[in-house]
Each structure stands twice: as C-alpha cells, then as structure tokens.
Amino acid sequence: QVQLVESGGGLVQPGGSLRLSCAASGSRFSINAMGWYRQAPGKQRELVASIPSGGSTNYADSVEGRFTISRDNAKNTVDLQMNSLKPEDTAVYYCHAYAYSLTIVPGEPTRGSWADYWGQGTQVTVSS
C-alpha cells in the first residue's frame, strides 16, 4: 500500500509562485520514479515534471525554466517549485509515483508488485 498526499495548491496571481509538496506513505514500499502531472478542464492529463531516483529531471516544454522538481528519497517526498506562473498553468496537479510494495497478511502468501500510484490532486489556479 502506497498513499500519496499533495499539498500547497491555491490561488495566485500571474507571475506568482507556489510550491507543491507530495508525501508518500505506506507499510512496505520502495519508490523508483516520482513526478507531477496536471489536468486542466477539457484537456488531457499531461506530464509536468518527473525525477527518477538518482536520475535526471524531465520537464514539459511549457514549464521548462519556470518549474523545478526535487525529491528527498529519505523522506519519500517530491516537491514542485512553480515560479512565474501563468493562467495557462491552471489545473489540478497530481503527484505520481512508480513504486514496489509488499502486502503481508497472516496465513496468506506475501504479495509484492510494481504499480503506478496517484495522489488525489491539488488545485492550482492562476488568475488576476
């Protein structure tokens, strides 16, 4: 079991900044890659930024130079610093993780698997 909880969303004016945070929790798990996606009304969910464990960061062209993704492997958290926000950035932002987890139930075989996990999303609105 892996749970992702986002925080930090809100309403900001164009040119403002927000910092989104995501914390992963669970009983027994190991996270490989983490990232942020967003979905605006009437649009497809898109990758904003991703960061593999020990790998290079990746950004969508639309946010390159404005957003910065970072993670703390020890704390199982990933942040997204968003600067110079534009109205086009308005969307629900979702935390994502690709993780391996174990489920141990007495009397049953231990189960382990890799899977995609998603947070509930946090609203980011950029408007004057």
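Please read these numbers as outputs of a predicted model, since none were measured by experiment. Just the heavy atoms: all of them, side chains too, but no hydrogens, waters or symmetry mates, feed the values below.
- Looking at every heavy atom in both residues, G26 comes nearest to Q3 through CA-OE1, 3.9 Å.
- Between L80 and A49, the closest heavy-atom pair is CD1-CB, 4.2 Å.
- Partners of Q120 by side chain to side chain donor-acceptor pair (under 3.5 Å), not counting sequence neighbours: none found.
- A donor-acceptor contact closer than 3.5 angstrom is absent between the side chains of S53 and N32.
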Side chain to side chain contact (heavy atoms under 4.5 Å, CB included) assessment of I69 paired with V78 = CA-CA 7 Å; I69 188 171; V78 60; 3.7 Å; yes
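- Taking all atoms of both residues into account, the shortest heavy-atom contact from P14 to S128 is CD-N, 3.8 Å.
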Step-by-step side chain to side chain contact (heavy atoms under 4.5 Å, CB included) determination, R71 to I31 | CA-CA 11 Å; R71 67 184 291 178; I31 297 176; 3.6 Å; yes
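- For the ring pair (Phe, Tyr, Trp, His ring centres under 6.0 Å) condition, no pair includes a residue of residues 39-71, sequence neighbours left out.
- Under the side chain to side chain contact (heavy atoms under 4.5 Å, CB included) criterion, S7 pairs with S21, sequence neighbours left out.
- For residues 95-105, the pairs satisfying side-chain hydrogen bond (donor to acceptor under 3.5 Å, both in side chains) are H96-D116, S101-Y117, with sequence neighbours left out.
- For the pair R38 and A91, the tightest heavy-atom approach, listed with the atom from each and the gap, is CB-CB, 3.9 Å.
- Side-chain contact, T125 with Q123: a donor N or O sits under 3.5 Å from an acceptor N or O.
- Rounded to the nearest 0.5 angstrom, S27 OG and L102 CG are separated by 7.5 Å.
- Between V126 and Q13 there is no side-chain heavy-atom pair separated by less than 4.5 Å.
- Contact annotation: the side chain of Q81 never approaches that of S70 to less than 4.5 Å [non-hydrogen atoms, C-beta and beyond].
- A donor-acceptor pair under 3.5 Å is absent between the side-chain atoms of E6 and the main chain of C22, judged by distance alone.
- In the hydrophobic clustering of ILVMFWY residues, with side-chain heavy atoms under 4.5 Å counting as a link, L20 and L11 come out apart.
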Derivation of the side chain to side chain contact (heavy atoms under 4.5 Å, CB included) call for T90 and V124 | CA-CA 5 Å; T90 296; V124 172; 6.0 Å; no
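- Applying the disulfide bond (SG atoms under 2.5 Å apart) rule to pairs touching residues 99-128 yields nothing, sequence neighbours excluded.
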Verify side chain to side chain contact (heavy atoms under 4.5 Å, CB included) between R28 and I104, making sure each step is shown before the conclusion.
-> CA-CA 9 Å; R28 302 173 180 82; I104 301 177; 3.5 Å; yes
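- A donor-acceptor contact shorter than 3.5 Å is absent between the side chain of T57 and the backbone of I51.
- Residues R19 and D79 are paired through a salt bridge, judged by an N-O separation under 4.0 Å between the basic side chain and the carboxylate.
- In this structure, the side chain to side chain contact (heavy atoms under 4.5 Å, CB included) partners of R45, at least two apart in sequence or on a different chain, are Y37, Q39, Y94, W118.
- Tracing side-chain contacts under 4.5 Å through hydrophobic residues (I, L, V, M, F, W, Y), one reaches W36 starting from V12; they form part of the same cluster.
- The shortest non-hydrogen separation linking A97 to L4 is N-CD1, 3.7 Å.
- Between R66 and L85, the shortest heavy-atom contact is NH1-CA, 3.9 Å.
- Proximity of Y93 to M82: side-chain heavy atoms (C-beta onward) are separated by under 4.5 Å at one or more points.
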